[in-house]
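Below is one structure, written out as structure tokens, with a few remarks after it.
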Amino acid sequence: EDMERPEESHLFMCCTKLREQAFTPIPPGYHLRYCRPEELSLWKDFPFDTLEQAKEYRPFMDTYFCQTYGKQQEEFYHSCLFLCDQEDRPLCTGFLWKHYGRYTTLHWLKTKKEAEGRGLGRAILSEIFGKIKKEDYPIYLHTHAGCERAIHLYTEFGFRILTRPQEIDGKPNQWKQALDYLQGKMPPAYFSALSFTEPDENTQLCNSGNFCFK
């Protein structure tokens with residue numbers, strides 16, 4: 001089996017208090033709305049930068065959607081957000097999902113490649129996190145080392161890298177490998193801003209079998 005590429009190292013982050021200074025409004029000319037049922041295929045393709053990748057990973061996305069949201073589709077369509085341009089074309093997506101009534105998780109934040117650099121990711125996160133209540137903390141997310149721009153954004157919002165447990169929902173917590181990769185990719189100021197934490201003793205994340213980060 002081929003060795004996993006460094007940029008694919010799994011990284012988990014946790015936030016116990018959001019930093020309000022990271023929040024920004026939606027830029028002029030854009031608007032927020034929910035994903036519509038007829039746009040499910042569009043949403044499933046959203047994480048991938050090419051049509052070839054989207055086609056390759058469609059079976060995975062079909063299975064993931066059924067397993068994670070299949071029994072709560074109405075809730076999915078009242079949670080999954082699109083940030084759209086003046087033509088109502090979705091350019092950015094993301095939402096919070098409550099797993100088993102216990103874990104608040106950020107799901108599928110993604111800005112389309114052609115729309116990067118416009119502040120849309122920060123804007124949609126500001127809208128998503130603006131509805132967080134005290135009882136919703138902590139907020140968790142799963143990402144990969146290669147998403148260094150997103151990792152910096154999460155850090156600015158107050159997320160810290162989880163250094164344990166060693167495995168979460170069947171995925172290895174590869175934070176050390178991720179750091180090695182990020183040190184060579186991030187500007188020094190961004191890398192030095194990264195901080196670390198461990199889950200509360202009462203939070204059972206390891207091998208829970210029902211806690212899925214994405």
Side-chain angles (χ1 to χ4, degrees), residues 3-24 27 46-49 53 57 64 80-81 83 91-97 99 103-130 132 136-199 203 205 211-214:
M3 292 291 291
E4 192 173 63
R5 296 183 296 175
E7 64 270 26
E8 294 176 349
S9 299
H10 295 283
L11 190 67
F12 301 91
M13 303 183 78
C14 173
C15 178
T16 55
K17 185 177 181 181
L18 289 161
R19 293 177 181 154
E20 293 184 6
Q21 59 266 37
F23 285 59
T24 58
F46 224 91
F48 311 103
D49 292 331
Q53 283 182 323
Y57 284 95
Y64 181 92
C80 182
L81 291 171
L83 189 55
L91 295 177
C92 186
T93 187
F95 59 103
L96 292 181
W97 191 255
H99 277 296
Y103 304 111
T104 304
T105 55
L106 177 67
H107 277 214
W108 298 101
L109 179 74
K110 175 67 177 181
T111 300
K112 283 197 170 292
K113 205 74 174 174
E114 66 268 22
E116 289 181 351
R118 304 181 194 175
L120 302 186
R122 184 183 295 274
I124 199 170
L125 283 181
S126 299
E127 291 291 325
I128 291 169
F129 292 151
I132 286 287
D136 293 326
Y137 288 102
I139 312 165
Y140 296 99
L141 65 86
H142 163 254
T143 186
H144 296 92
C147 302
E148 61 266 18
R149 291 179 63 180
I151 292 168
H152 171 63
L153 183 58
Y154 299 143
T155 300
E156 290 199 319
F157 272 95
F159 281 81
R160 294 179 288 174
I161 294 170
L162 278 170
T163 57
R164 70 173 182 89
Q166 293 182 340
E167 185 176 298
I168 300 173
D169 194 40
K171 299 182 182 73
N173 184 2
Q174 300 168 316
W175 67 275
K176 290 183 180 178
Q177 297 97 308
L179 279 186
D180 289 341
Y181 177 84
L182 291 171
Q183 190 166 19
K185 291 290 182 177
M186 278 184 157
Y190 289 5
F191 183 79
S192 63
L194 298 174
S195 59
F196 308 89
T197 189
E198 294 184 355
T203 303
L205 299 179
F211 187 22
C212 182
F213 289 86
K214 183 60 195 177

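The two residues Gly146 and Tyr181 make their nearest non-hydrogen contact at CA-CE2, 3.8 Å. Nearest heavy atom pair, residue Leu11 against residue Ala178, reads CD1-CB, 3.8 Å. The two residues Ser192 and Ala189 have their closest heavy-atom pair at OG-O, 3.1 Å. In terms of heavy-atom proximity, Ala123 sits nearest to Leu83 at CB-CD2, 4.2 Å. Residues Ile124 and Gly94 approach most closely at CD1-N, 3.8 Å, considering heavy atoms.
Residues Arg160 and Thr16 meet the side-chain proximity criterion, which asks for heavy atoms closer than 4.5 Å. Looking at Ile168 and His10, their side chains never come closer than 4.5 Å, going by heavy atoms from C-beta outward. Under the 4.5 Å side-chain criterion, counting only non-hydrogen atoms from C-beta, Leu179 is in contact with Phe196. In this structure, the side chains of Pro199 and Leu162 come closer than 4.5 Å at one or more pairs of heavy atoms.
Separating the SG atom in Cys15 from the CG atom in Asp136 is a distance of 11.5 Å, to the nearest 0.5 Å. A distance of 6.0 Å separates CG of Leu106 from CG of Leu96, quoted to the nearest 0.5 Å. Between the CG atom of Leu141 and the SG atom of Cys14 there is a distance of 9.0 Å, given to the nearest 0.5 Å. We find the CG-OG1 distance between Leu109 and Thr93 to be 8.0 Å, quoted to the nearest 0.5 Å. Rounding to the nearest 0.5 Å gives a distance of 5.5 Å between CD1 of Ile132 and OG1 of Thr104. In this structure, CG on Leu81 lies 9.0 Å from CZ on Phe95, to the nearest 0.5 angstrom.
Comment: Arg5 engages Glu7 in a salt bridge, judged by a side-chain N to carboxylate O separation of less than 4.0 angstrom.
Ring geometry for Phe157 versus Phe129: interplanar angle over 60°, hence perpendicular rather than tilted (30 to 60°). The aromatic rings of Phe12 and His142 lie tilted to each other, with the angle between the two planes from 30° to 60°. Between Tyr103 and Tyr140, the ring planes are perpendicular. Angles over 60° get that label, and only those under 30° would be called parallel.
In this structure, Arg164 contributes its side chain and Asn173 its backbone to no donor-acceptor pair below 3.5 Å. A side-chain donor-acceptor contact under 3.5 Å links Trp175 to the backbone of Thr163. Panel note: side chain Ser9, backbone Ala145; no donor-acceptor pair is recorded below 3.5 Å.
Annotation for Phe48: atom CZ counts as buried by contact number, over 12 foreign heavy atoms lying within 6.0 Å. For Tyr57, the OH atom sits in a loose shell: 12 or fewer heavy atoms of surrounding residues, nucleotides or ligands are nearer than 6.0 Å. Environment of NZ in Lys185: sparse, with no more than 12 heavy atoms of neighbouring residues, nucleotides or ligands closer than 6.0 Å.
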(message) Apply side-chain contact (heavy atoms from CB on, under 4.5 Å) to residues Met186 and Ile151 and explain how you reach the verdict.
(response) CA-CA 10 Å; Met186 278 184 157; Ile151 292 168; 3.8 Å; yes

(message) Working note: Asp49 + Lys110, criterion side-chain contact (heavy atoms from CB on, under 4.5 Å); need CA distance, chi angles, decisive distance, verdict.
(response) CA-CA 10 Å; Asp49 292 331; Lys110 175 67 177 181; 2.9 Å; yes

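Listed by first then second residue, pairs satisfying salt bridge (charged side-chain N to carboxylate O under 4.0 Å, His left out) with a partner in residues 145-156 read Glu116-Arg149, Arg122-Glu156, not counting sequence neighbours.
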